[in-house]
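Here the structure comes first, spelled out in structure tokens, and everything after it is commentary.
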Amino acid sequence: MPKNKKPAGGRPSQNFDPRYAKKRAGGPFRGNDGGARGPRRDEGAGRYDRADRPARDGDRRFDRTERPRYDRADRPARDGDRRFDRTERPRYDRTERPARDGERRFDRDQRPSRDGERRFDRTERPRYDRAERPARDGERRYDRPARPARDGERPFGRDDRPRYDRNERPRFSREGERRSFDRDERPARAERPRAEGERRWEERRQERPVRTQAAEDRIDVVHERLEAQAVQADEVSEMTFADLGLGDNIVRALAALGAEKPFPIQASTAASIIDGRDVLARGRTGSGKTIAFGAPLVEKVLRAKAGVKRDFGRAPVALIMAPTRELALQIDRTVQALARSVGLFTTQVYGGVPQGRQVGALKKGVDIVIGTPGRIGDLHRQGKLDLSQVSVSVLDEADHMCELGFLEPVQEILRQTAEGGQKLLFSATLDREVAALVDEFLVAPQVYEVAGETQETGTIEHRILVVEHRSKPEILDQLVAREGKTLVFTRTRAYAEMLAEQFDDAGVDAISLHGDLNQAKRTRNIDRFSKGRARVLVATDVAARGIHVDDVDLVIQADAPDEYKTYLHRAGRTGRAGRTGRVVTLIPRQRRRRMTEMLERAEIEAPFDDVRPGDDLLDELAGAPTVADLTA
DNA sequence: AAAAAAC
């Protein structure tokens, strides 16, 4: 029973909801962060706000957000227009000029020190050492418990490594340099007779030992458990959300979100989560993972808080982490709705926006924090986010969060949460990669996947188009000239930007999404695509995972992905929640073999077709996919 | 090699 009877509206966290903040933060500015530093409307509550009053007749209102910022540098120089470029002017250095006659130059260090004069000498000052200062009241110091070294583990310390000596390094020499390579002289690889003992790239790759045997064994245990706990979809098909142990308010909130009946992954994991078990769960893209962890998480936090007053400034007890800001925002939209229904509060903590708002929300007190690792770690280090009370941590896209660059910050954050806290790891491609986290943080995890949930039973049609490199732009133009929503993936940010412009020039409403855009623009663009105001979104892999946009019926991979997991996630932006979708991947001729291997790993069947601009097949593929296409 | 994630 929620202690807090106050309705959710009018409570502080509304101010931190990006949907409300959007108008203020947004703006088609180039190269700044969307004017987010301006005065905030919610700061002086009750102040008269002109924008809030309905417009009077003939009332002209100036809307800052609609006017593009004037950028002098963007305008071509007019004739005789002199532009000053700071970088080109050499710095004026007084000391380099010869002293003029009779000029006295003052050099402090040369002059004998005057009586009683204190001179500052860096070397005399003792170094400030945090560890030597007695801990302040309530200050928590992180001290990693000394743990015996694991087998084969090298303790960290630079001293045992021999110093790098420049002079011992063999000299670089151009002698005996390889003859320059001539493309045309060499026969194509397939035809070229194999030299004696030659192993080709694919074979070499297969032979390469990837991990030590110990690591392999440990990982296999995880993998086997994954297989062992598969839940049959029909076993749980009769369940309702109430049967799973969720309270009335949450069940009603779920219905309002359009979730009337639990999907298999939701039905199978809920009981374990509410029980407080550690959970690993794999569920196909679009199978409802957010609700699968979100609803039981809210239920659990609610039970833990039963009878406890919601104190001002209370520390969060649950943490959800995601790999991108957009995904964190999207998760919050679902979890916040569930949490509010029972009087709990959530806040988002992610980068690219000023901290103030997030810190303000934390100061008031929240129960569930949702965000990305960078800012969460940052606020924690600044002492603005107390993680010590977090007893449930969720990692969405867990395998991705274990990749290079993500793993360490994630580990560091999890180490700051309450000892023995519950951990939930979710992903559509949950695999051995999560072993690093499982080993350190999970205790006897329950592992779930839904039996029979394979790509073959999915609702997505896959096609591979083999194209000439030079005809790629035209082919893409032909594919995106269509009615439905199209999501185009590229490998780089620059190409995403370029394609969006190309489509725009061709008269197709296209926008981009990638890490070179400021957060205001990112949020605005994905919002425009969701609402259908732009029918084509060209994105990097920032949009590959987890992002849900209704009714995307065509995914185009302008660049093929490098990894089968990336293929599955990108493809999973369509065909969600049982709807049909189509994925078209463009590859150059020489990539056929690699593509075939990738599809095998992903367990996807897809026909290959050679296409040229203007081919009827392109128009066909641009049309809406039907169920018949899937069975064909 | 690129993308993501902090200022």
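Every chain is numbered from 1, with letters handed out A, B, ... down the list of sequences. For the numbers below, each heavy atom of this structure counts, side chains included, while hydrogens, waters and symmetry mates do not.
Taking only side-chain atoms of A:Asp562, from C-beta outward, the nucleotide of B:dA1, B:dA3, B:dA5 with the closest atom is B:dA1. When each of B:dA4, B:dA5, B:dA2 is scored by its nearest atom to the side-chain atoms of A:Thr372, the top-ranked nucleotide is B:dA5. Checked against B:dA3, B:dA2, B:dA5, the side chain of A:Arg491 finds its nearest nucleotide in B:dA2.
You'll find a donor-acceptor pair under 3.5 Å spanning the side chain of A:Arg381 and the base of B:dA6, going by distance alone.
At the heavy-atom level, A:His400 lies nowhere under 4.0 Å from the strands shown. A:Gly377 comes within contact range of no nucleotide atom at all, as no heavy-atom separation falls under 4.0 Å. Residue A:Asp378 is in base contact, counting any heavy-atom pair closer than 4.0 Å across all strands shown.
One finds the CD atom of A:Gln557 at 4.5 Å from the CZ atom of A:Arg570 (value rounded to the nearest 0.5 Å). Distance check, rounded to the nearest 0.5 Å: CD1 of A:Ile547 to CD1 of A:Ile526 gives 4.5 Å.
Here the P atom of nucleotide B:dA4 and the CD1 atom of A:Ile547 are 12 Å apart, to the nearest Å. Straight-line distance from the CG atom of A:Leu517 to the C1' atom of B:dA5: 16 Å, rounded to whole Å. The CG-P distance, from A:Leu329 to B:dA5, rounds to 11 Å in whole Å. Rounded to a whole Å, the CG atom of A:Asp516 is 14 Å from the C1' atom of B:dA5. Between the CD atom of A:Gln557 and the P atom of B:dA3 there is a distance of 16 Å, given to the nearest Å. Straight-line distance from the NZ atom of A:Lys565 to the C1' atom of B:dA3: 15 Å, rounded to whole Å. If you take CG of A:Asp396 and P of B:dA5, they are 14 Å apart, rounded to a whole angstrom. Rounded to a whole Å, the CZ atom of A:Phe489 is 14 Å from the P atom of B:dA3.
Considering only side-chain N and O atoms, A:Arg545 lies nowhere under 4.0 angstrom from the phosphate OP1 or OP2 of B:dA3. In this structure, A:Arg493 does not reach the B:dA1 phosphate: none of its side-chain N or O atoms is under 4.0 Å from OP1 or OP2. Phosphate proximity of B:dA2 to A:Thr540: absent, as no side-chain N or O sits under 4.0 Å from OP1 or OP2. Regarding contacts with the backbone of B:dA4, every side-chain N or O of A:Arg325 stays at 4.0 angstrom or more from both OP1 and OP2. Checking the phosphate oxygens (OP1, OP2) of B:dA5, no side-chain nitrogen or oxygen of A:Thr324 falls inside 4.0 Å.
Here A:Asp509 does not pair with A:Arg533 in a salt bridge; the nearest charged N to carboxylate O distance is not below 4.0 Å.
When each of A:Thr566, A:Asp399, A:Asp396 is checked for a side-chain hydrogen bond (donor to acceptor under 3.5 Å, both in side chains) with A:Arg545, only A:Asp399 meets the rule.
Heavy-atom contacts from other residues, nucleotides or ligands closer than 6.0 Å to CD of A:Glu408 number 12 or fewer.
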